[in-house]
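Let me begin by presenting the structure, written as structure tokens, before commenting on it.
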Amino acid sequence: MALVVHKYGGSSVADAERIRNVARRIVRVKDSGLDIVAVVSAMGDTTDDLIELAHTVSSDPDPREMDLLLSTGELVSCTLLTMALRSLGYPAISLSGPQAGIHTDTMYGRARIHSVDPDRIKSELQKGRVVVVAGFQGITEDLDITTLGRGGSDTTAVALAAALGAERCDIYTDVEGIYTADPRIVPNARKMSEVGYEEMLELASYGAKMHPRSIELGAVYQVPIYVASSFTDAPGTLIQQSADERKMENRIKVTGIATQANVAKITVRAVPDRPGIAAALFEPLAKGGISVDTIVQNTSEERTTDISFTVSRADLPHALREVESLKETLGAASVFSDPTLASVSVVGSGMQNTPGYASRMFRILADGNVNIDMITTSEIRISCIVREEQAAEAVRLLHRGFQLDMEGQ
Ligand code: ASP
Ligand code: MG
């Protein structure tokens with residue numbers, strides 16, 4: 001029987017009524033003759049509440065204990081949803097991440113899935129049951145519970161869809177799909193009916209809410225991902241290899257404007273310009289689990305150079321501590337940071353090889369008096385780091401400037 005995987009986010013299962021609503025939606029799919037695996041997030045703000053609770057008993061909670069604690073949020077929602085399904089008269093069973101066969105590495109708080117052993121889920125499906133899986137968690141070789149990072153249930157769902165050969169992975173959330181920009185910033189942003197994985201990856205890591213790793217997985221295993229609201233039946237957005245991506249040479253098209261708040265910049269001043277310096281700086285950061293985004297190194301004057309890079313604001317204290325401790329080894333003159341930045345990106349296919357897109361972006365920002373702090377480009381995006389208080393305005397200007405505004409508005 002054909003199989004679909006559904007994922008319901010925290011707001012979709014925030015209370016008993018919403019859980020019953022999700023159960024009714026699942027039943028409709030089951031009645032249409034499909035097998036279904038449902039992955040759930042923790043109810044509402046449960047994960048935030050558990051983190052807060054941990055900090056009331058310890059200023060620096062142990063990562064292993066933290067993951068075991070956080071995994072309980074998803075256990076609550078998956079068992080309750082299963083009970084709701086059973087009370088509607090449908091056979092259903094809940095499985096924790098480990099029971100569902102999700103094996104991960106040992107990076108607590110941001111574990112990556114090594115493999116999925118789908119046997120248990122398959123045998124439950126064969127018994128005609130709806131399988132409800134606790135998202136966001138897995139188990140290490142040593143049988144310790146891990147979590148996949150905030151928002152990680154999306155990744156659980158796509159990983160299961162890939163491992164089970166599902167037709168599709170539906171992500172149900174509190175928005176109706178993926179928009180050309182954040183609708184809270186740009187009121188006339190358009191909902192897209194379809195978007196390619198690569199573009200979505202940029203949109204996801206630059207603000208549109210979805211765990212970026214889930215999109216990567218979808219792209220690698222070619223799982224179509226459908227993002228829609230669990231509160232309405234409005235059509236959502238299908239993420240799949242787009243018509244443009246399938247073409248040998250992409251048609252150039254701007255898909256959307258992405259933005260990310262809470263960007264912090266660290267600048268290491270006057271380090272010697274010689275081989276090994278960047279490695280000596282970024283290796284320890286990588287080991288510390290800090291992901292670095294934009295990196296800019298200036299041309300050297302008098303054999304020293306400045307290196308600036310961005311991290312998320314949450315990682316700033318940790319990153320600064322690392323960099324300060326490296327200052328002497330690196331021979332750097334000073335280290336300073338700026339926590340009040342944001343990034344705005346123009347996302348689309350085939351932009352890097354097309355002259356004119358970057359300059360158009362810079363012109364739009366210049367005319368709006370938005371100062372650009374750093375610039376990076378990739379195959380499918382051009383990103384500028386700007387002051388946080390100007391980010392929303394920058395997004396609106398770019399959305400209009402690249403003619404993404406909804407027609408007739
Ligand atoms: N409950 C976890 C979080 O809030 C995972 C998820 O929602 O996907 O981050
Ligand atoms: Mg959540």
Side-chain angles (χ1 to χ4, degrees), residues 5-15 18-19 22 37-55 61 63-82 94-100 102 104-105 107-113 116 132-139 145-162 169-175 178 200-201 204-205 207-218 223 225-231 239 260-262 289 291 312-315:
V5 173
H6 279 197
K7 180 256 170 180
Y8 292 92
S11 57
S12 300
V13 292
D15 57 34
R18 290 183 183 183
I19 290 175
V22 166
V37 172
V39 174
V40 286
S41 292
M43 294 170 71
D45 297 330
T46 301
T47 308
D48 292 324
D49 296 344
L50 289 172
I51 292 172
E52 215 173 284
L53 190 57
H55 283 100
R64 179 193 178 277
E65 302 310 318
M66 194 65 164
D67 272 18
L68 189 51
L69 173 68
L70 295 190
S71 72
T72 62
E74 271 69 11
L75 296 178
V76 172
S77 50
C78 83
T79 45
L80 291 179
L81 177 57
T82 305
S94 62
L95 297 176
S96 68
Q99 288 175 311
I102 297 178
T104 73
D105 64 16
M107 268 282 203
Y108 294 112
R110 53 181 72 180
R112 296 186 76 91
I113 299 175
V116 176
V132 183
V133 178
F136 172 60
Q137 55 186 267
I139 191 163
I145 306 294
T146 52
T147 65
L148 308 180
R150 296 307 306 271
S153 302
D154 293 336
T155 296
T156 303
V158 177
L160 288 179
C169 183
D170 290 3
I171 305 282
Y172 290 103
T173 171
D174 49 10
V175 294
I178 308 301
M200 181 57 205
L201 197 49
S205 49
K209 272 194 297 173
M210 251 188 95
H211 203 227
R213 281 160 51 193
S214 66
I215 320 283
E216 281 166 16
L217 262 180
V223 180
I225 303 171
Y226 179 69
V227 182
S229 165
S230 70
F231 300 106
I239 307 166
Q260 180 164 29
N262 302 329
S291 55
S312 73
R313 190 173 304 154
D315 279 344

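Quick caveat, the model's predicted, so the values are computed rather than measured. Every number for a ligand or one of its atoms is a count from 1 in the order of the listing. Position 1 is the first residue of the sequence; numbering continues from there.
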Please check whether [X] reaches ligand 1 - meaning an N/O of the residue sits under 3.5 Å from an N/O of the ligand, judged on distance alone.
X: Ser41; result: yes
X: Gly149; result: no
X: Lys7; result: no

Hey, does the side chain of [X] reach the backbone of [Y] with a donor-acceptor pair shorter than 3.5 angstrom?
X: Ser94; Y: Val132; answer: no
X: Asp105; Y: Arg112; answer: yes
X: Arg64; Y: Tyr108; answer: no
X: Thr147; Y: Phe136; answer: no

Exercise. Which is it for His211 and ligand 1 at heavy atoms under 4.0 Å: side chain, backbone, both or neither?
Worked result: neither
Problem set entry | Test side-chain hydrogen bond (donor to acceptor under 3.5 Å, both in side chains) applied to Asp154 and Ser214, step by step | CA-CA 6 Å; Asp154 293 336; Ser214 66; 4.6 Å; no
Exercise. Applying a strict 4.0 Å limit to heavy atoms, is Gly151 in contact with ligand 1?
Worked result: yes
Exercise. Out of curiosity, is Gly73 lining ligand 1, as in a heavy atom under 4.0 Å away?
Worked result: no
Exercise. Do Asp67 and Thr146 get their side chains close enough for a donor-acceptor pair, meaning under 3.5 Å?
Worked result: no
Exercise. Out of curiosity, Ser230 OG to His6 NE2, how far, rounded to the nearest 0.5 Å?
Worked result: 11.0 Å
Exercise. Which atoms from ligand 1 have a heavy atom of Glu74 less than 4.0 Å away?
Worked result: 1 (N), 2 (C), 5 (C), 6 (C)
Seminar exercise, completed: For Arg150, the ligand 1 atoms with a heavy-atom partner under 4.0 Å come out as 3 (C), 4 (O), 9 (O)
Exercise. Nearest non-hydrogen atom to atom 8 (O) of ligand 1 belongs to which of Ala134, Ser214, Ser153, Gly10?
Worked result: Ser153
